[in-house]
Amino acid sequence: MIDYLKKRLPTGWTEKTYTKDKLIIDEYEKASTLYYVVSGITCVEILNEGQRYISSFIFPNDFFGLDSFSTFKKKSHSIRVISTEATIFSIPKELLLNTLNEEPTYYELLLKNFADILQRHYGYFDFLHLPTTERVKNALTYLSDRIGNLTPDEHLALPSFITQETLAKFCRTSQSRVSISLSELEKTGWLLKKKVPITIKYSLKQN
């Protein structure tokens, strides 16, 4: 779909590379643009009781800026780059819709992506009731399934930007508690390496 838009529209869209920690959308800034992650990882940040948490991750081939379709005038989250860099394609919502009207089959692809993103977001809240160590384990499993890199020993290593601080924000706990949980998982043999790159024993992960 992105290739179609680029060919169909010589202007009106942008593709920009952002560096780590850059905000793509500010908190409370309601988007009028739809974004697509070409490469890199971003996250949705929310402020809750004075603490900044990660409510979800946005992976390559994901869209964001879905609030541009809502009737709410404001939002309470921001989008931040967490990988070393991220390349983002963006297009004004109205231009996107007008162009897709000429090729409506792409609507199904767009809606599927929206549904997948929302499903992942809802699934995140399913693990908040778990004990911290189980929460951390679930988070590591979730991330390794999507962005884990197979090592020469056939284990799964997470990218170096997945740190204890990142896990703490996602699991809604303290960094010190994440460190304790990682040590516990390392003792059980489920976790091979607790320091970045955090590495999971792949064969044990399957069980």
Side-chain angles (χ1 to χ4, degrees), residues 1-48 52-128 139 142-149 159 161-162 166 169-170:
M1 188 178 82
I2 301 303
D3 288 339
Y4 165 76
L5 291 170
K6 288 180 178 180
K7 291 176 182 177
R8 180 68 181 80
L9 300 167
T11 60
W13 54 269
T14 62
E15 191 168 285
K16 181 179 177 181
T17 298
Y18 298 80
T19 55
K20 182 178 173 61
D21 291 329
K22 288 291 185 180
L23 281 175
I24 301 172
I25 301 178
D26 290 333
E27 194 171 23
Y28 302 116
E29 175 191 346
K30 181 174 167 59
S32 59
T33 300
L34 196 70
Y35 299 84
Y36 172 84
V37 182
V38 178
S39 63
I41 311 292
T42 66
C43 69
V44 180
E45 288 187 334
I46 57 173
L47 195 63
N48 184 19
R52 194 168 295 279
Y53 293 109
I54 293 173
S55 68
S56 62
F57 294 93
I58 306 172
F59 303 109
N61 301 319
D62 279 347
F63 288 92
F64 63 94
L66 276 64
D67 60 294
S68 62
F69 291 94
S70 77
T71 57
F72 291 96
K73 295 181 179 181
K74 291 185 178 181
K75 62 179 181 58
S76 57
H77 66 267
S78 57
I79 308 293
R80 187 184 300 275
V81 175
I82 61 170
S83 53
T84 304
E85 62 179 29
T87 300
I88 308 295
F89 173 91
S90 62
I91 185 170
K93 180 188 71 173
E94 295 301 327
L95 181 58
L96 170 71
L97 294 178
N98 289 336
T99 308
L100 291 188
N101 282 336
E102 301 172 16
E103 193 65 44
T105 54
Y106 285 117
Y107 276 122
E108 183 179 359
L109 178 64
L110 191 63
L111 290 173
K112 280 182 179 178
N113 191 274
F114 285 1
D116 287 347
I117 292 169
L118 291 173
Q119 186 63 39
R120 289 204 310 258
H121 183 72
Y122 295 145
Y124 163 70
F125 293 101
D126 288 341
F127 84 149
L128 289 180
Y142 168 74
L143 290 168
S144 65
D145 283 344
R146 287 161 178 81
I147 55 174
N149 300 308
F161 57 80
I162 302 298
T166 303
K169 288 181 178 179
F170 186 50

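Keep in mind it's a predicted model, so treat the numbers as computed, not measured. Side-chain atoms are counted along with the backbone in the values below, which use heavy atoms only and exclude waters and symmetry mates.
Taking the centre of each ring, Phe69 and Phe114 come in below the 6.0 Å mark.
Closest heavy-atom contact between Pro60 and Ile41: CD-CD1, 3.6 Å. Across every non-hydrogen atom of Ser55 and Phe170, the tightest pair is O-CE1, 4.1 Å. When all heavy atoms of Ser32 and Ser68 are compared, the pair lying nearest together is CA-CB, 4.0 Å. Closest approach of Leu5 and Leu96 over heavy atoms only: CD1-CD1, 3.7 Å. Listed here is the closest heavy atom pair of Leu34 and Leu66: CD1-N, 4.4 Å. Of all heavy-atom pairs between Glu45 and Arg52, the closest is OE1-CD, 3.3 Å.
Between Pro159 and Asn149, the closest side-chain pair of non-hydrogen atoms falls below 4.5 Å. Side chains of Glu102 and Tyr4 form a contact here, defined as non-hydrogen atoms less than 4.5 Å apart. Using a 4.5 Å heavy-atom threshold, the side chains of Ile24 and Tyr18 count as touching. The shortest side-chain heavy-atom distance between Phe127 and Tyr142 does not fall under the 4.5 Å cut-off. Leu110 has its side chain within reach of Phe63: a pair of non-hydrogen atoms, C-beta onward, lies under 4.5 Å apart. Contact check for Glu103 versus Met1: no side-chain heavy atoms found under the 4.5 Å cut-off. Contact of the Ile88 side chain with the Lys16 side chain is not registered, since no non-hydrogen atoms from C-beta on lie closer than 4.5 Å. Put simply, the side chain of Ile25 reaches to within 4.5 Å of the side chain of Tyr35, judged on heavy atoms.
Of the possible polar contacts, one joining the Lys20 side chain to the Ile82 backbone as a donor-acceptor pair under 3.5 Å is found. In this structure, Tyr106 contributes its side chain and Ile2 its backbone to no donor-acceptor pair below 3.5 Å. With hydrogens and angles disregarded, a donor-acceptor distance shorter than 3.5 Å links the side chain of Thr166 to the backbone of Phe161.
By the salt bridge (charged side-chain N to carboxylate O under 4.0 Å, His left out) test, Lys7 pairs with no residue at all, sequence neighbours left out. Residues satisfying the salt bridge (charged side-chain N to carboxylate O under 4.0 Å, His left out) test with Lys6, not counting sequence neighbours, are Glu15. For Thr14, the side chain to side chain contact (heavy atoms under 4.5 Å, CB included) partners are Ser90, not counting sequence neighbours. Among residues two or more places apart in sequence or in another chain, the side chain to side chain contact (heavy atoms under 4.5 Å, CB included) test is passed with Asp62 by Ile58, Phe59, Asn113, Ile117, Arg120. Every residue two or more places apart in sequence or in another chain that forms a side chain to side chain contact (heavy atoms under 4.5 Å, CB included) with Leu23 is listed here: Asp26, Ser78, Arg80. Residues meeting the side-chain hydrogen bond (donor to acceptor under 3.5 Å, both in side chains) test with Asn61, sequence neighbours left out: Tyr36.
Atom OG1 of Thr99 and atom CG of Leu97 lie 8.5 Å apart (nearest 0.5 Å).
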*Please assess Thr17 against Thr87 for the test side-chain hydrogen bond (donor to acceptor under 3.5 Å, both in side chains), listing each intermediate value before the final yes or no.*
CA-CA 4 Å; Thr17 298; Thr87 300; 3.0 Å; yes
*Please step through side chain to side chain contact (heavy atoms under 4.5 Å, CB included) for the pair Trp13 and Leu95, ending with a clear verdict.*
CA-CA 9 Å; Trp13 54 269; Leu95 181 58; 5.7 Å; no
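Counting heavy atoms of neighbouring residues, nucleotides and ligands inside a 6.0 Å radius, atom CD of Glu108 does not exceed 12 of them.
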